[in-house]
Number of protein chains: 2
Amino acid sequence: MPQAAATAAKGAATRAAILDRAIDLASAEGLEGLTIGRLAAEMEMSKSGLFGHFGSKEELQLATVEAAALRFRRAVIDPVLTIPDGADRLRAMIDAYLDHIDVGGYSGGCFWGSTAAEMDDRLGPVRDAIAAALDAWLAELERQAGLAGLAHPDLAAFELYSVVMGANLRYRLSKDRQVFDHARASVDRLLAEATK
Amino acid sequence: MPQAAATAAKGAATRAAILDRAIDLASAEGLEGLTIGRLAAEMEMSKSGLFGHFGSKEELQLATVEAAALRFRRAVIDPVLTIPDGADRLRAMIDAYLDHIDVGGYSGGCFWGSTAAEMDDRLGPVRDAIAAALDAWLAELERQAGLAGLAHPDLAAFELYSVVMGANLRYRLSKDRQVFDHARASVDRLLAEATK
DNA sequence: CCTACCGATCGGTAGG
DNA sequence: CCTACCGATCGGTAGG
C-alpha cells in the first residue's frame with residue numbers, strides 16, 4: 001500500500017473510532033453535550049486534532065447521526081432481512097430493537113430517543129437528519145404492518161413506534177426491566193389482530 | 001401591607017415569572033440549555049439578580065421542574081376532577097394532555113418529553129424529581145385504568161403513557177397533526193376493551 | 001496530528 | 001436588585 005493510501009486509511013479508522021465514541025457520548029449527554037473538548041479527552045487526542053476530522057461542530061453532529069443510523073441498521077434491520085415479510089419480520093424487528101436498547105447498543109440509552117427530543121424544536125441539517133432517520137424507521141414499520149395484513153398500517157406503525165420508544169424512556173427512568181415485557185405484550189396485542 | 005411583606009410578595013412574583021419563562025426555555029433547550037445568562041436576558045434582569053433567587057443552577061432546575069409539575073396538574077389533572085372515575089376520566093385526561101401539547105401549554109413542546117430524555121442517564125435530585133413526576137402521572141393512569149375495569153391496568157397505563165408521549169415527539173418532528181388522531185384512535189382501542 | 005492561542009459564554013462570587 | 005469580576009470551558013483559528 002502506498003504511503004498516502006496508508007495515511008488515508010489510518011485517518012478513516014481514527015474517524016470511525018471517534019464516531020463510535022461520539023454516539024455513546026451523545027446518547028448520554030445529547031448532541032450539544034457532545035463537546036469537542038470532552039470527546040478529544042476521551043479519545044486521548046488534542047482538541048484541534050479531533051476538530052480537523054470534521055471542520056465544525058455541526059459536521060461532527062451530522063457525522064454522528066449518520067454513524068448512529070448505520071449502527072441501528074446493523075443491529076435492527078439487517079439481522080431480520082432473512083425473515084419473511086409481515087408479522088414475523090415485524091415481531092423480529094421489535095425484539096431486535098428492544099434487545100438493542102436493553103443489552104447492547106447504546107451505553108447511554110437509545111441515541112434516537114435522546115437526540116430526537118433534544119433537537120426537535122430546532123432548525124437545521126442535524127434536526128433534519130434525525131427526523132429523516134426516524135421517518136425511515138416509521139415507514140419500515142408501516143410497510144411491514146401492511147404486509148402483515150393489519151387493517152390500519154399507519155396507526156399500527158405509530159403504536160409500535162410509541163411503545164418501543166416508551167419502553168426505552170421508562171426503562172431508563174425506572175430501571176425496571178418489566179417495561180420490556182409490557183412493550184412485548186403491546187406488540188402481541190397489535191399483531192394478534194393480524195393473525196386472527 | 002408592611003414594607004417587608006410587600007417586598008417579599010414582589011420577590012415571589014418575580015420568581016414565579018422567571019419560572020414561567022424557565023419552563024418554556026427548558027422545554028425547547030433542555031435543562032442544561034436553560035442557562036442563567038440567557039434566562040436573565042429574556043427577563044431583562046442581570047445574571048446575578050436572577051441567580052440570587054435560586055442560589056445555584058441546580059436549584060433553578062429543581063424549581064423549574066416543580067413549576068412545570070404544577071402547570072401540568074392545572075392543565076391536565078384539575079380540570080377533569082369532576083368527571084367520574086374510570087374510562088370517562090381517563091379519556092378526558094388524555095384529551096386534556098393532547099390539547100395541552102397541541103395548542104397551549106409548552107411553547108417548546110412537552111417539557112417532560114424533552115427533559116426526561118435529557119436527564120434520564122444522570123444522577124441527582126433533578127433527575128429524581130422528573131422521575132417522580134412521571135411516576136405519579138403513570139400511577140394516576142394506572143389507577144384510572146383499574147377503575148375503568150381494564151384487565152391489565154399497568155399494561156394499559158404504559159400504553160397510554162407511550163402513545164401520548166409518542167404523539168408529542170412525532171408531532172414535533174413531523175408537524176403533522178394527524179398523529180393526534182392516531183393517538184386518540186389508540187386510546188379508543190384501549191378503552192373499547194373496558195366497555196365491551 | 002500538535003501547541004498555543006482567540007473571543008464568548010458558562011456557573012458562581014464580592015461588594016454594594 | 002446592580003456592576004464588576006473570577007476560573008473553566010466552549011467552538012474555532014494560526015501556524016507548524
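Residue numbering restarts at 1 for every chain, and letters A, B, ... go by the order of the sequence lines. If you're wondering where the values come from, they're calculated on a predicted model, not measured in any experiment. In what follows, every heavy atom counts, from backbone to side chain, and hydrogens, waters and symmetry copies are set aside.
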Novice: Would you indicate, yes or no, if dT3(D) has its OP1 or OP2 atom less than 4.0 angstrom from a side-chain nitrogen or oxygen of S48(B)?
Specialist: no
Novice: Between dC1(D), dG11(C), dG11(D), which nucleotide gets closest to the side-chain atoms of M45(B)?
Specialist: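 Nearest nucleotide to the side chain: dC1(D).
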Novice: Please give, in whole Å, the distance from dT3(D) C1' to L50(B) CG?
Specialist: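 For the pair L50(B) CG and dT3(D) C1', the rounded distance is 16 Å.
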Novice: What are the two closest heavy atoms between D120(B) and R127(B), and how far apart are they?
Specialist: O-NH1, 3.0 Å
Novice: Find the distance R38(B):CZ to dC10(D):C1' and express it as a whole number of Å.
Specialist: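 The answer, rounded to whole Å, is 16 Å.
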Novice: Consider the side chain of K57(B), meaning its heavy atoms from C-beta on, and name the nucleotide among dC2(D), dC10(D), dG11(C) that approaches it most closely.
Specialist: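 Among dC2(D), dC10(D), dG11(C), the one nearest the side chain of K57(B) is dG11(C).
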Novice: For the pair R74(B) and D78(B), find out whether any cationic side-chain nitrogen is under 4.0 Å from an anionic carboxylate oxygen.
Specialist: no
Novice: Checking R170(A) against Y161(B): charged group under 6.0 Å from the ring centre and within 45 degrees of the axis?
Specialist: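 Yes, R170(A) lies over the aromatic ring of Y161(B).
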Novice: Could you tell me whether K57(B) sits above the aromatic face of F54(B), with NZ or CZ closer than 6.0 angstrom to the six-membered ring centre and within 45 degrees of the axis?
Specialist: no
Novice: What integer distance in Å separates E32(B):CD from dT9(C):P?
Specialist: 18 Å
Novice: Starting at the 5' end of DNA chain C, what dot-bracket string do you get if Watson-Crick and G-U pairs under 3.5 Å are bracketed, crossing pairs use [ ], other-strand pairs use | and unpaired bases use dots?
Specialist: ||||||||||||||||
Novice: When you match T14(B) and S56(A) each to their closest nucleotide on DNA chain D, which lands nearer the 5' end?
Specialist: T14(B)
Novice: Quick one: is dC1(D) close enough that its OP1 or OP2 comes under 4.0 Å of any side-chain N or O from S46(B)?
Specialist: no
Novice: Just the rounded figure in Å: distance from P of dG12(D) to CZ of F51(A).
Specialist: 5 Å
Novice: Map K47(B) and I18(B) onto DNA chain D by nearest heavy atom, then report which one ends up closer to the 5' terminus.
Specialist: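 Its nucleotide being nearer the 5' end, the pick is I18(B).
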Novice: Could you give the CD-to-P distance, from E59(B) to dG11(C), as a whole number of Å?
Specialist: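 My rounded result for the distance is 15 Å.
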Novice: Judged by modelled atom types alone, do S114(A) and R172(A) share a side-chain donor-acceptor pair under 3.5 Å?
Specialist: yes
Novice: Compute the ring centroids of F72(B) and Y97(B), then answer whether they are less than 6.0 Å apart.
Specialist: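 Ring centroids of F72(B) and Y97(B) are less than 6.0 Å from each other.
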